[in-house]
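The structure appears below as structure tokens.
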Amino acid sequence: MTNILISGASIAGTATAYWLRRHGYTVTVVERAPAIRTGGYKVDVRGAALEVVERMGLLDAVRARGTDMRVATYYDAAGRPLAAMDADLFGGRTGDDAEIMRGDLNELLYDLTRHEVEYVFGDSITGIAEDGTVTFERAQPRTFDLVVGADGVHSNVRRLAFGAEQTCTRDLGHYISICTVPNTLGLDREEAVHAAVGRTANVYSTRQDTAAKALFMWSSPPLDHDHRDVAGQKLLLARAMDGVGWQVPALLEAVRDAEDFYFDSVAQIHLDRWSKGRVVLVGDAGYCASPASGQGTSLALVGAYVLAGELATGGGTEGYERELRPFVAANQALGPANVKGMVIGSRAALWFQLRMMRLLPRLPGRNRMIERITGPILRAANAVTLKDYAR
């Protein structure tokens, strides 16, 4: 096996390309978008994933591009501040954690690989034959030893090799939407949050960013929508957040003009196997933990490292699954628990959460309480021992 095709040039794809090339493989990456995707939202890199970044020689660059978030403030419907928490409290950030904009991280990974990896933009896979022949929407058919699906939760490669998405999707009963909006609140490395029953709105601006990101999350039964119908998705968001106070009406007006609008269900991908024939999946395509887990980027980075390493050292896809499954299981377990704290289901629970946020900075034993909140995340982030494949 020497010639490998990767579908998807986001973090899972570019990281896999880097490690496969390091092990001597010939790598081609095909991406539907016309260029590498920039922008996006802030993501955490924790535990074992931070070690992977360090082994790539990118740790200093990642820290240099960190978001440098300082504080999160919760507001009531009338705009009165209710509670403020510094970054160490609400993010649990330590030396075991780095926060960076998703697009910035992907640019760093792309820069590592673009001179040694063939990137084909503006195209997509249409078929994968048993002999490794791959057909494309635009390019002529080519033959590869292996096809890596790194094309996200709605993976085209997974659909072609494993079947319909519905058979492996586990819905967590919520939706999420994110986009860029004008920074009318004048935020500087700050988050502004308003939580209503069943609905949450969050606006933040990171270091060196003149704009802001608006994030909406709400509980909902499955919605009938087209993943490529942006206008329809914006209408669903407006309906979901209708009647919410604070800055939400103004934010929804700004969403109308957003060009980087993201909308999706909060869901996970569960498969009995991540490989089939000449196809293997990495990142969200194989084991999405949902945005609620906070671990999607870390899973992609660690998955890329382990997949390439096991292929190079003889473990193959079986070794990849054996090494990674406990790590994936630990991180997927975070999603259902975390989402309940992100979107509050009752007035009583909302009152209690805000009360605790106001009291927490002054409570004795504060550190133990913070450990109860952040401990499970850090334990899951470190739930794998990385082999030194280079040796």
Side-chain angles (χ1 to χ4, degrees), residues 8-16 18 36-54 56 58-69 72 87 90-112 150-153 176-180 189 191 202-209 211-217 260-264 266-269 282-285 287-305 327-328 331-332 334-335 338-339 342 374 377-378 380-382:
S10 193
I11 290 170
T14 50
T16 302
Y18 171 81
I36 200 75
R37 298 178 188 271
T38 59
Y41 44 91
K42 57 186 175 68
V43 297
D44 285 294
V45 182
R46 297 187 178 97
L50 209 60
E51 186 176 345
V52 170
V53 168
E54 186 172 20
M56 301 173 92
L58 285 178
L59 184 56
D60 289 344
V62 167
R63 293 216 184 273
R65 295 200 187 192
T67 60
D68 195 29
M69 298 298 291
F90 74 81
R93 278 185 265 291
T94 66
D96 203 34
D97 184 297
E99 189 176 70
I100 185 172
M101 297 303 290
R102 183 179 179 87
D104 287 348
L105 177 58
N106 205 34
E107 283 185 3
L108 291 174
L109 294 169
Y110 175 65
D111 286 343
L112 278 184
D151 44 354
V153 64
I176 186 171
S177 181
I178 307 170
C179 65
T180 300
R189 296 163 291 163
E191 295 194 38
N202 179 333
V203 188
Y204 63 87
S205 184
T206 63
R207 178 173 58 179
Q208 300 176 349
D209 192 352
K213 302 291 182 183
L215 184 153
F216 306 91
M217 187 178 286
D260 59 348
F261 182 78
Y262 170 83
F263 177 101
D264 209 345
V266 179
Q268 296 183 335
I269 298 297
V282 66
D284 282 353
Y287 34 84
C288 175
S290 84
S293 74
Q295 284 295 93
T297 299
S298 292
L299 282 171
L301 290 167
V302 175
Y305 176 82
F327 181 68
V328 168
N331 285 282
Q332 286 189 324
L334 297 172
N338 286 355
V339 76
M342 299 169 76
T374 62
I377 298 173
L378 292 178
N382 290 282

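Just so you know, residue 1 is the first one in the sequence shown, and it goes up from there.
At distances below 3.5 Å, not a single donor-acceptor pair connects side-chain atoms of Glu99 with backbone N or O atoms of Val43. A distance-only check finds no donor-acceptor pair linking the side chain of Ser205 to the backbone of Arg189 [under 3.5 Å]. Between the side chain of Ser298 and the main chain of Ala49, no donor-acceptor pair closer than 3.5 Å is present. At least one donor-acceptor pair closer than 3.5 Å links the side chain of Gln268 to the backbone N or O of Gln332. Remark: the backbone N or O of Met101 is not paired with any side-chain donor or acceptor of Arg65 at under 3.5 angstrom. Without hydrogens or angle criteria, Asn106 side chain to Ala9 main chain gives a donor-acceptor distance under 3.5 Å.
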Begin from the C-alpha positions of Val339 and Met217 and carry the test side-chain contact (heavy atoms from CB on, under 4.5 Å) through to its verdict.
CA-CA 9 Å; Val339 76; Met217 187 178 286; 4.2 Å; yes

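The two residues Val266 and Pro291 have their closest heavy-atom pair at CG1-CD, 4.3 Å. Shown here for Ala292 and Gly335, the closest heavy-atom pair between the two residues is CB-O, 3.7 Å. Closest non-hydrogen pair, Leu301 versus Ala15, comes out as CD2-CB, 4.1 Å. When every heavy atom of Ser293 is checked against every heavy atom of Asn338, the shortest pair comes out as O-ND2, 3.6 Å. Taking every heavy atom of both residues into account, Ala380 and Asn331 meet most closely at O-ND2, 3.1 Å.
Annotation: the span from Thr206 atom OG1 to Asp104 atom CG amounts to 7.5 Å, rounded to 0.5 Å. Annotation: the span from Arg46 atom CZ to Gln295 atom CD amounts to 5.0 Å, rounded to 0.5 Å. Atom CG of residue Asn382 and atom CD1 of residue Ile377 lie 12.0 Å apart, to the nearest 0.5 angstrom. From Leu299, atom CG reaches atom CD1 of Ile11 across 12.0 Å, with rounding to the nearest 0.5 Å. Expressed to the nearest 0.5 Å, how far CD of Glu191 lies from NZ of Lys42 amounts to 3.5 Å. Note that OG1 of Thr14 is 9.5 Å distant from CG of Leu108, once rounded to the nearest 0.5 Å.
In this structure, Tyr287 and Val282 have side chains that are in contact, with non-hydrogen atoms separated by less than 4.5 Å. Using a 4.5 Å cut-off on side-chain heavy atoms (C-beta onward), Val52 and Val45 make no contact.
Shown here are the side chain to side chain donor-acceptor pair (under 3.5 Å) partners of Ser177, two or more places apart in sequence or in another chain: there are none. For Asp209, the side chain to side chain donor-acceptor pair (under 3.5 Å) criterion is met by no residue, not counting sequence neighbours.
Side-chain contact check for Thr180 and Asp260: at least one donor-acceptor pair (N or O, by modelled atom type) lies under 3.5 Å.
Atom CZ of Arg37 sits in a sparse spot, with 12 or fewer heavy atoms from other residues, nucleotides or ligands closer than 6.0 Å.
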